[in-house]
Amino acid sequence: MMKLVQKSVFLVCLLAITSCKDKPTIDDPEETKVPQVKIILDPVYDQTPLVLDQTIFETDEGYRLKFREFKIYFTDLNNQGEQLADAALYNLSNSNSVLLK
């Protein structure tokens, strides 16, 4: 009977020691990387960069054009089904070719 108790105590101690191993730590989950989307517009007219109040363009009919203001509204901007913006305004007079960042 004494040997059974000794073996039981030994077995319990052995289980206690082996079960007390350091549990693997769970590192902080990696930050979810959100893809960056940048929309850049470089407007051209007849293969010439559009520069406000500087360049005079000529149409096929002979009319001469000089752009003083250039604004475009974009709506429902999506990237692979992910909504980027409901609406965005591109204004060339701001001297910035970035529509959305």
Side-chain angles (χ1 to χ4, degrees):
M1 181 76 163
M2 188 65 158
K3 287 191 176 196
L4 182 61
V5 172
Q6 287 176 345
K7 287 182 180 180
S8 297
V9 170
F10 177 74
L11 185 60
V12 169
C13 290
L14 184 62
L15 287 173
I17 291 171
T18 57
S19 66
C20 291
K21 289 182 182 175
D22 289 339
K23 294 181 181 174
T25 57
I26 299 174
D27 295 331
D28 292 336
E30 290 184 27
E31 293 181 20
T32 305
K33 293 183 180 181
V34 178
Q36 298 287 326
V37 176
K38 188 178 199 179
I39 300 174
I40 299 173
L41 297 177
D42 291 319
V44 295
Y45 182 83
D46 197 25
Q47 300 178 354
T48 304
L50 184 63
V51 181
L52 299 180
D53 287 328
Q54 290 182 10
T55 310
I56 297 176
F57 301 97
E58 190 169 324
T59 66
D60 293 337
E61 295 82 17
Y63 295 107
R64 296 177 53 150
L65 297 174
K66 183 180 195 181
F67 291 94
R68 296 186 181 177
E69 189 173 332
F70 187 81
K71 295 180 183 179
I72 303 173
Y73 288 95
F74 294 89
T75 59
D76 296 326
L77 293 168
N78 291 293
N79 181 28
Q80 297 179 351
E82 182 181 337
Q83 182 80 19
L84 300 175
D86 290 330
L89 169 66
Y90 177 77
N91 187 353
L92 185 60
S93 62
N94 290 343
S95 298
N96 190 352
S97 62
V98 177
L99 170 67
L100 184 67
K101 198 181 211 180

- [ ] Look at the side-chain heavy atoms of Ile, Leu, Val, Met, Phe, Trp and Tyr, link any pair under 4.5 Å apart, and say whether V51 and L41 land in one connected group.
- [x] no

Task: Heavy atoms of other groups near E61 CD, more than 12 under 6.0 Å - done: yes

- [ ] Can you sort out the partners of F70 under ring pair (Phe, Tyr, Trp, His ring centres under 6.0 Å), two or more places apart, ordered by chain and number?
- [x] none

Task: Test side chain to side chain contact (heavy atoms under 4.5 Å, CB included) applied to K71 and L89, step by step - done: CA-CA 7 Å; K71 295 180 183 179; L89 169 66; 4.1 Å; yes

Task: Between CG on residue D86 and CG on residue L77, distance to nearest 0.5 Å - done: 9.0 Å

Task: Considering all heavy atoms, the nearest K66-Q54 contact - done: CE-N, 4.2 Å

Task: Criterion side chain to side chain contact (heavy atoms under 4.5 Å, CB included) on T59 and F57, from CA distance to verdict - done: CA-CA 7 Å; T59 66; F57 301 97; over 6 Å; no

Task: Heavy-atom closest pair, residues D76 and Q83 - done: CA-NE2, 3.9 Å

Open item on the list: If I take atom CG from residue D53 and atom CD from residue E69, how far apart are they, to the nearest 0.5 angstrom?
Closed with: 10.0 Å

Open item on the list: Can you tell me which residue among L92, I56, L50 is in a side-chain contact (heavy atoms from CB on, under 4.5 Å) with F67?
Closed with: L50

